[in-house]
Amino acid sequence: MKIIYCSNTGFTKQYAIMLANKLGIESIDVKDIKKYDIKDEEIIFLGWIFAGIIMGLNKVRKYKLKCVISVGILKLTDEYKNELIKSNNIERDKSFFYIQGGIDYKELKGIKKILLKAVASNIIKENKNENEGIINILKNGGSLVKEENLNDIIEYINKNNA
Ligand SMILES: Cc1cc2nc3c(=O)[nH]c(=O)nc-3n(C[C@H](O)[C@H](O)[C@H](O)COP(=O)(O)O)c2cc1C
């Protein structure tokens with residue numbers, strides 16, 4: 001079993017490394033998969049969300065995907081999770097998880113920074129009283145990465161590993 005991740009500013013990579021340490025397996029940047037023979041390996045995939053799309057997922061669909069973990073910033077609701085499943089063509093029976101990462105304006109470059117600022121100001125307008133923590137992170141940057149966010153995932157992997 002191997003972990004493959006796609007990270008833009010490092011939050012998804014942090015989760016990938018945490019999970020790799022917890023499970024005692026290797027984590028590989030999706031950019032490097034050609035260097036590895038992973039066709040017979042089960043793959044745990046983590047990808048950051050860019051405008052509703054789980055980045056890097058298309059590069060690993062042909063492998064034996066054990067589960068897909070998406071990392072975004074919005075609050076998880078059933079509706080949001082279903083939207084992600086639908087727009088990323090995830091099979092219903094594939095195990096799918098969503099966890100919150102963070103925003104690092106120093107690491108964001110070019111068009112992505114401009115896009116996020118636009119997305120952020122829309123969210124801020126729509127959610128005046130909600131999600132204070134998320135709104136603050138959208139404005140100023142910050143991290144919601146916590147080891148405990150991986151608990152359900154680790155439980156799932158351990159259960160399905162017999
Ligand atoms: C341009 C842009 C668009 C984003 N779109 C979404 C989105 O649609 N939904 C979401 O939950 N998070 C969205 N995010 C937040 C990122 O998914 C989040 O910051 C994630 O933790 C980034 O992970 P990384 O550090 O591994 O790149 C967006 C971020 C950027 C920069």
Side-chain angles (χ1 to χ4, degrees), residues 2-23 25-33 36 43-61 63 65-90 94-154 157:
K2 293 253 191 295
I3 293 170
I4 297 179
Y5 65 86
C6 176
S7 182
N8 180 45
T9 61
F11 296 101
T12 308
K13 183 178 179 178
Q14 279 179 39
Y15 277 125
I17 291 169
M18 269 181 208
L19 197 56
N21 288 338
K22 288 253 177 194
L23 298 171
I25 58 177
E26 202 176 349
S27 65
I28 301 166
D29 191 324
V30 75
K31 291 181 196 136
D32 298 326
I33 47 174
Y36 294 80
I43 301 298
I44 298 168
F45 178 75
L46 295 95
W48 74 285
I49 303 171
F50 178 178
I53 301 300
I54 302 167
M55 303 306 284
L57 180 58
N58 282 342
K59 294 192 179 132
V60 298
R61 285 190 200 270
Y63 299 112
L65 274 180
K66 189 174 186 72
C67 63
V68 173
I69 303 160
S70 55
V71 182
I73 202 63
L74 302 179
K75 200 177 116 198
L76 179 63
T77 59
D78 283 345
E79 197 188 351
Y80 185 41
K81 195 169 173 178
N82 285 333
E83 241 175 67
L84 288 171
I85 288 174
K86 215 166 142 194
S87 45
N88 291 281
N89 292 317
I90 290 166
K94 271 253 150 61
S95 231
F96 176 68
F97 298 91
Y98 172 83
I99 50 181
Q100 287 174 306
I103 306 272
D104 184 346
Y105 278 107
K106 280 205 279 327
E107 286 293 316
L108 274 173
K109 306 212 165 66
I111 188 80
K112 291 198 182 86
K113 191 171 191 162
I114 296 164
L115 270 173
L116 184 66
K117 288 233 156 123
V119 169
S121 62
N122 260 338
I123 293 171
I124 291 163
K125 260 188 242 149
E126 284 165 19
N127 290 284
K128 281 221 170 75
N129 305 310
E130 265 186 278
N131 299 330
E132 285 296 326
I134 295 174
I135 288 173
N136 187 37
I137 288 176
L138 284 168
K139 276 187 190 152
N140 307 312
S143 175
L144 291 169
V145 173
K146 273 187 249 135
E147 213 167 87
E148 68 194 53
N149 292 344
L150 294 171
N151 286 354
D152 287 351
I153 298 164
I154 291 167
I157 291 163

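Both counts, for ligands and for their atoms, begin at 1 and track the order of listing. As the structure is a prediction and not an experimental result, all values here were calculated from the model.
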Quiz prompt | Trace of the side-chain contact (heavy atoms from CB on, under 4.5 Å) decision for Ile44 with Ile25 | solution = CA-CA 10 Å; Ile44 298 168; Ile25 58 177; 4.2 Å; yes

Quiz item: If only atom types and distance count, is the side chain of Tyr98 paired as donor or acceptor with the main-chain N or O of Thr77 below 3.5 Å?
Solution: no

Self-check item: Side chain to side chain, Leu84 and Phe96, heavy atoms closer than 4.5 Å
Solution: yes

Quiz item: Mind checking whether Tyr15 and Asn149 have side chains closer than 4.5 Å, heavy atoms only?
Solution: yes

Practice problem: Answer whether the closest heavy-atom distance between the side chains of Met55 and Asn8 falls below 4.5 Å. | Solution: no

Quiz item: Contact residues of ligand 1 with a heavy-atom cut-off of under 4.0 Å?
Solution: Ser7, Asn8, Thr9, Gly10, Phe11, Thr12, Trp48, Ile49, Phe50, Ala51, Gly52, Val71, Gly72, Ile73, Leu74, Tyr80, Tyr98, Gly101, Gly102, Ile103, Leu108, Lys112, Leu115, Leu116

Quiz item: Does Lys117 make a cation-pi contact with Tyr105, if we ask for NZ or CZ under 6.0 Å from the ring centre and within 45° of the axis?
Solution: yes

